[in-house]
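Working notes, structure below.
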Amino acid sequence: MSRYLLRRLAFLLLTLVVTSLIVFAITQYLPGDVCRIILGREAGESALAACTERLGLDEPLAVQYFNWLGNFLQGDWGESFSTRAEIRPLVMQRLRNSLRLALVTMLFAVPVAVLLGILAGLNADRPLDNIISVASLSVVGLPEFVTGLVLIQIFAFTLNDFLFERFGVRPFPANSSVRPDATFAEAFPMLVLPALTATLVLLAYIARLTRAGVAEEMERPYVRTATLKGLPWRVVIVRHVLRNALLPTITVVAISFGWLISGLIVIENVFNYPGLGRLLVFAIDRRDLPLLQAVTMITVFAFAFANLVADLLYAWLNPRIRLGE
Amino acid sequence: MSEQRPPVLAIRDLTVAYRSRGAWLQAVRDVSLQIMAGERVGLVGESGSGKSTIALAVMGYLREAARVLAGEIILNGRDLLSLDRSQMRALWGAEMALVPQDPLSALNPSLRIGEQLAEALRLHLGMDRARALERAAELLEMVRIPDPERVVRAYPHQISGGMQQRVMIALALSTEPALLVLDEPTTALDVTTQAAILDLFRDLTEARETAALYVTHNLGVVAEICDRVAVLYAGDLVEEGPVGELFRQPLHPYTHGLLASVPRLEAGRRGVALQSIPGQIPPLGERPPACVYADRCPLAIEICHEVRPPRETPLPGRAVRCHRWEEVLAGALSAPATPPAADGAHVGDADGEGDGAPVLDLDDVEVHFEAPHTIREILARRERPPVRAVDGVSLEIAPGRTLGLVGESGSGKTTLARAVVGLEETTGGEMALFNLPLPSGLSERSEELLSRLQIVFQNPEEALNPYRTVGATLRRPLMRLQGLSREEADAAVARLLEAVRLPASYAYRLPRQLSGGEKQRAAIARAFAADPELLVADEPVSSLDVSVQASILNLLNELQRERDSSTLFISHDLAVVGYLADEIAVMYGGHLMELMPAEGLLTPPHHPYTEVLLAAIPRLDPDAPPRPLPALRASEPGQNVGRTGCPFHPRCPRFLGDICVEQTPPWRAAENGGRIFCHIPLEDLQAAQVEDA
C-alpha cells in the first residue's frame, strides 16, 4: 500500500511538472507581444524595452520558466495585466467559490444519482432500468446553457412567482453573482440553480456507472453464496453487493469534483457566477497571461489532486489493493 | 445404513427448461434421484449435460431464464418447488448448502473470512458476533486450516485456492445442514490439494451423516468418494447405480464410452486405446426426442431414433434408459484388445531412433523473474531474491519421442515450455535444437528456427484469430514459413484438416463456428502447418470434455507416429502423460524431481513427490486397492525456497531432516534408465514404497 501511495504521489508531481511546462510554453507562443498587450498600441519603443526588461522577457526561456515556477511556488503569482491587482487573492477567492459550487452540486447529485444507479442496476434490463437510463441519458444530452435556461425559467420565474404569492419570498435568484465576501449561508440560495444545472450533467454519468457496477456485481458468484446462506435480500445488497459495486462510483465522484472546480465555464457564465471557470474566460479574453497561467495551474492541480484522492480512496476501500503485495 | 428412513432429498421427474428466443428449451428432462442421509451421490456429465442446472434447481437458485416445467424436489418431506423465496431463505444455509466450483469468486473479496463465516452462524444459530467469530476459527480448524486465527482475519485473496475451498466447506457445514450440494468443488485445484479436500469432505460428511449431491465431470473423483453415481447426458439421466457396480459393469453405451475414454494410470503407456465418442453433445433445442444419445451411439438401431427408452431397473439399485442395455450387459461393447496406436510402428522406434542427436537438449536452463521490491526493501537497500520459476532444468528429447512434463501449478512447467518456444527469456543455461544453440527469446530467433518449434496452448482460442477462417490461419505459416504458393498452400490445408480429422469444408469456417474439441484440432493443425521438428503441447486437453479429450490424445498420438515429430507434452495429469509419453519428467518448484521411462511409472522407486502425485490421482477403478495419500508435511506449496536444499522439503512426506533443507540432493540413477533427485538412497525409497503399497 505504501508503495502504491508513493507511486501515486510521484505521478501527481510529474503531472504538475509537465503541465507547468505546457502552461508556460503555451503562454510563450500565444500571439502578440506581452508588453504591447500591457502598454497598448500607442506605447513607444523605450517604454516597451523597459517593460520587457522589467518582466524579464529578454532572459533565456529556461531562466524565465524557472523564475516563473519559483515565484509561483513561493506564492508570488504576480499582477494581473488587465486589472493590475494581485493575482493570488483573486484566484483564491474564485477557487473558494468554485469549491462551494462543487460541494453543493455533489450534495444534490450524488445521493440521487447513486440511488437511481442502484435501482437501475438491481433491475438491470427490466422496465425500471430502461426508464432510468433513457431519462438520465436524455438529460445529459442537452447542453448546459439549455438546461440552465430551462431551470431559470422554472425556478426563477414560475416557482418564484408562485412562492411569492403564497409566502412572499423569491428564494431562487436567476443571477448568481455572489459578493466576494459572502458567507456560505448567504451564497447558498444563489448556488442552487447553477448546482442543479451541473447536477443534471453529472447525474447520468454517475448513475450509469453505479448501474453498471451494481449489475455486474449482482452476477458474481459471491452474491449467490450470500443469498444461499439465507441472508435477507437487503443484507445481501447492502453488506455484500454495494460494498464492491460502489467502488468505481466513489472513484468517479472524486474525479467529478475536479471537473466541477475547473470545468463549469458555461454554467458559470449562464448564471454569472464568479468561479474559476469565468475567471479563465476573462483571462483569455483580456490576454491576461499571468492570470491565465495561475488559473490553469490551479485547475490542473485541482484535477490531479481529485484524481489522486480517487485512486487512494479506491485503494483504501479495496482490500485487494490495500493488502495486496 | 437404515433402509427404512425416507430420503433426505428426492428429485422426481424433474424437467427444467431455459428460455431462448421466446421458446422454452428443455435442459433437464424427467430426472429422478434420491439421496439418503449420509449418502454421497455423484452426478456426472460433460459440459452441457445439465448437471449444474440440477444442482441449482435443487438449491432453488435457477437463473431467471430457467424454469422448472415439471416434477418435484423434496427435501426432508417438503416440496421445495412449492415454497416461496422467504420460505426458501429459511432453508438456505440451515438445511441445505452449496459448495461451488471457484471458491475465490464465491467469497466476497471485501469482507474478512471470519465475517463471512460468522454471518451464517449469527443468522441461523443466533450467536452474537464475538461468539460467531470464535466459532468461525473452530470451523477453520475443523477443515484443517493451519493458523485459523490468522485466516479468520484474512481476506479471501490472501489465502491459497485450496484454503479458500476449505473455507467454503467450513461455511457449508457450519450450520450442519442435512443436504450438501457440491458443484465441481475441486476442479480448479491441484491434484494433491484435491486429494486432501476429498479426504476432508469424506470424513466430515461421514461424521455428520450429511447427504451430499456431488456434481462433477471427473469420474475418478466419483469413484473415490461417492456411494452411488448418476450419469447425465444432454439432460437425461441415462444410468444410475452404486459406484462399484456401475463402473465395473456399465449398462448404458454412453457410460461405457465415457469410462473407456479416460486414460487410466493402471493401464500404462498406450496399453488400452482410448475410445473417443464421435460427435458432440447436441445443443439445447436440437436434442433428439427419442433417445438423446442415439446419434452418437454405436449400438443405435431404428427404435432408438423413434421411441424414448423408458427408465428401467434391470438390477437392484440400478436404473438405465436404454433400449439395448441387455446387449450391453452381455458384452456388445467390449473394447478392442489392441489400440490402433500401439500397432508396433511406434513402440518399435523407441530403440531404433533413440540414439541420434537429441531434438531438444536443455542444460541447466533457468528462468528467473525479478520480484518487485517493497519500499522498505528499497530504503534498506535489501535485495529481494528473484522468483525462480525454472531453476536449473536439464533434459533431452530424442527424435520421434514424446517427453511428458508433469507438475502442479507453480511447478514451472509452463514457463519452461514458453522458454523453449521463445516466449520467455531464459536467465541462464543453454538450449540446443539438434545440437545447434537455440537463442533465448523470439527476437533472437530466425523465422526458419521459429517454424521448427511450434506450440499448442491449453486454450485453442489463443492460437486462432477469431476473425480469420481456419483455412486462412493454416495458410499463413504454410506460405510464410514454408514458402508455398497459394495453390500449394490450399492443397496443404486440405491435407492438414484431413490429418486432424476435420472436414475440408472447415477451412471456410471461423473459430466461433467450431466446438471446443474442433478448435483444438484446428490449433493442432496450425502447429503442424509449420512442419515443426518439436511440438510443444501445453495442457492441450485439460479444458476439454473427457470424450473429446480422448480423441485429441489419440490424434496427437497418431500424428506423431505419422510425422515422426517429437513432442514436449505438458500436463498436470499423470494419467494423461502416462498414456502419451515415452519418458516422463516430474517437476516441482522449478526443479526436475524425477525423470523416468513411461513404463516405469507404476514401479517404485520414485521420488517422494512423484509418489504423492501418484497417490493423489483419483482412480477410476473402485476395486483398486486404496492408495493412501502420504502425509504431506504442508498441504500446499509455500513460497519458492532458496537455492540450497530440495525444493520439495517443506512438504515431503519422507523428509529426512536438515540435510534436505541445507544440501542440494544428488541425482540418483535408477535401474530402468531414470534418475531421481533425492537424498534418500534408491534402495531405501524402493523398500519404503513397496512396503507402504
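Since we're looking at a predicted model, the values are computed, not measured.
Annotation for B/Tyr155: atom OH counts as buried by contact number, over 12 foreign heavy atoms lying within 6.0 Å. Atom CZ of B/Phe369 has more than 12 heavy atoms from other residues, nucleotides or ligands within 6.0 Å. Other residues, nucleotides and ligands contribute only 12 or fewer heavy atoms inside 6.0 Å of the CZ atom of A/Phe11.
For chain A, no part of B/Leu104 is nearby; none of its heavy atoms comes within less than 4.5 Å. Only the side chain of B/Glu64 comes within contact range of chain A, with heavy atoms under 4.5 Å apart. Using a 4.5 Å cut-off between heavy atoms, B/Met168 touches chain A through its side chain atoms alone. Residue B/Leu91 does not touch chain A at all, counting heavy-atom pairs closer than 4.5 Å.
Residues B/Arg89 and A/Trp233 form a side-chain contact, since some pair of their non-hydrogen atoms from C-beta on lies under 4.5 Å apart. Looking only at side-chain heavy atoms (C-beta outward), B/Pro100 and A/Pro221 stay at 4.5 Å or farther from each other. Annotation: side chain of A/Tyr222 is not in contact with side chain of B/Ser105 (no heavy-atom distance under 4.5 Å).
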**OP:** Take A/Arg224 and B/Tyr61 through the test side-chain contact (heavy atoms from CB on, under 4.5 Å) and record every step on the way to the result.
**Re:** CA-CA 8 Å; A/Arg224 182 179 67 189; B/Tyr61 200 80; 3.2 Å; yes

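Salt bridge annotation for B/Arg63-A/Glu219: absent, with no cationic side-chain nitrogen under 4.0 angstrom from a carboxylate oxygen.
Contacts between residues 120-129 of chain B and chain A, defined by a heavy-atom separation under 4.5 Å, are made by B/Ala120, B/Leu123, B/His124.
Per-residue heavy-atom pair counts under 4.5 Å with chain A were compared for B/Leu111, B/Leu98, B/Leu107, B/Leu171, and the maximum is reached by B/Leu111.
One finds the CZ atom of B/Arg85 at 6.0 Å from the OG1 atom of A/Thr227 (value rounded to the nearest 0.5 Å). Distance check, rounded to the nearest 0.5 Å: OG of B/Ser110 to CG of A/Leu246 gives 10.5 Å.
Residues A/His240 and B/Glu119 have side chains that bring a donor and an acceptor to within less than 3.5 angstrom of each other.
At least one donor-acceptor pair under 3.5 Å links the side chain of A/Thr225 to the backbone N or O of B/Ala106.
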